[in-house]
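Bear in mind that the values here come from a model prediction, so they are computed numbers and not experimental data. We count ligands from 1, going down the list as the structure has it; atoms in each ligand are counted the same way.
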Amino acid sequence: MSKLLIKNIKELVQVETSPKEKVVGVEMKTLPTIKNAWVLIENDMVAGFGKMEDCPEGVDEVVDATNQLVFPSFCDSHTHIVYAASREEEFVDRINGLTYEEIAKKGGGILNSAKKLQNTSEEDLFHDAWKRLDEIKKTGTGAVEIKSGYGLSVEGELKMLRVIKKLKEKSDLTIKANFLGAHAIPTKFKEDRNKYIELIINEMIPVIKSEGLADYIDVFCETNYYTPAETDRILQAGIAAGLQPKIHVNQFTSIGGIQAGIKNNALSVDHLEVMEENDIQDLIKSDVMPTLLPSCSFFLSIPYAPARRLIDSGLPVSLASDFNPGSTPSGNMPFVLSLACINYKMTPEEVINASTINGAYAMGLSQTHGSIAVGKKANLFITKEITSVAYLPYSFGSNNIEKVIINGKVVS
Ligand code: NIG
Ligand code: FE
């Protein structure tokens, strides 16, 4: 059995002694920590932790973390990191005054990514996504959800999902796959969108089920994309194949996507930049995790989700990166935390809760990830010498991470 002891930790963050699934509303302001602490890892799991007075002895491998903090790895519950090419030309278009919607209308956006993916091999997609996984690992992510959605054809979507399956098999990160065949209406089906929806339901979902290619099903429920009724229909087909919904809603308009998600027992509803009061009231009555993506608002210069209103209404909130080539070309979770503090007015304690245990909930991983708890996966990171928890989101743009531990092993 391999054992690793981290000792003299200035502050051990997000410790958990009785299991919890998520942190809700006003509870989000409380972040359980131990000052002057140790944590013991056995194989790939946390085996114990406590104050230095009771530090175990006789462990061969010891890391001294004097003046350093230890956090559980981030759980990034919303990404699109399998894609064929970057889209900086749209970034320049936006600088010159076009909006995200205008760029999409002229053939840019998701359809542009789909065109590029068509002619890219599984090997190349894997290779590029692998590099992105490596990058997010170094910035503290230990579990990640990855969506399809740039295939938009039977072959394209299955190709993406097979790449994600291979990433799952080869990577030491914990990965969940989300089938997003309904990310946009392909140009070819513009006049007969129902035909494409039937392809999703009759051609894609059965193969996904038989090959075990996805854990979740997603739809971009939005004006000019999929209606709530179409969303409902696609989600139900996914549910029948064993996929739980986790969906894109309320990015630009509030059209009933949240209600479609709640009705279908979604694990999370994501984006939420535009929220009506009834959306909030409906969420309060549900178990659905509201997931916010501040880097997307930052990059597209669109409104920020009303995080304070959600939390102050008693809702939980999770934070994710949305790493994708169009709206968020970054998977840097420490930057997500800084943006959430600055623009959502979330406290440092709230952003840590939102990106660890609540992110785990949004991936169905609360029992194994998202906190430092005995028996949970030893996915954590040791900071450089920093002064406090708040220093992490405060010092935006700096790399404060010294060591990353995944499955109990020091990986960088
Ligand atoms: O979450 N909103 C829909 N999908 C992505 C953006 C996809 C793209 O522009 O390529 C998002 O922001
Ligand atoms: Fe997204």
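Per residue H78, closest N, O or S atom to the Fe ion (ligand 2): atom name NE2. Distances from the Fe ion (ligand 2) to each N, O or S atom of D322 single out OD1 as the nearest.
Taking backbone and side-chain atoms together, H248 has an N/O/S atom less than 2.8 Å away from the Fe ion (ligand 2). Here C296 fails the criterion, with no N, O or S atom under 2.8 Å of the Fe ion (ligand 2).
Distance from atom 6 (C) of ligand 1 to its nearest protein heavy atom, with residue and atom name: Y100 OH, 3.2 Å. Among protein heavy atoms, atom 2 (N) of ligand 1 sits closest to Q251 OE1, 2.7 Å. For atom 4 (N) of ligand 1, the closest non-hydrogen atom of the protein is H183 NE2, 2.8 Å. The closest protein non-hydrogen atom to atom 11 (C) of ligand 1 is D322 OD2, 3.2 Å. At the shortest separation from atom 12 (O) of ligand 1 among protein heavy atoms lies S327 OG, 2.5 Å.
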Stepwise side-chain hydrogen bond (donor to acceptor under 3.5 Å, both in side chains) test for N8 and D64: CA-CA 6 Å; N8 295 325; D64 192 305; 2.9 Å; yes

D270/S268 under side-chain hydrogen bond (donor to acceptor under 3.5 Å, both in side chains): CA gap, chis, key distance, verdict: CA-CA 6 Å; D270 303 21; S268 68; 2.8 Å; yes

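In this structure, R233 is not positioned above the aromatic face of Y226 in the sense of NZ or CZ being under 6.0 Å from the six-membered ring centre and within 45° of the axis.
Neither the backbone nor the side chain of E222 has any atom closer than 4.0 Å to an atom of ligand 1 (non-hydrogen atoms only).
In summary, the atoms of ligand 1 found under 4.0 Å from a heavy atom of Y150, numbered by their order in the structure, are 7 (C), 8 (C), 10 (O).
Using a distance-only test at 3.5 Å, with no hydrogens or angles considered, a donor-acceptor pair links the side chain of S210 to the main chain of V207.
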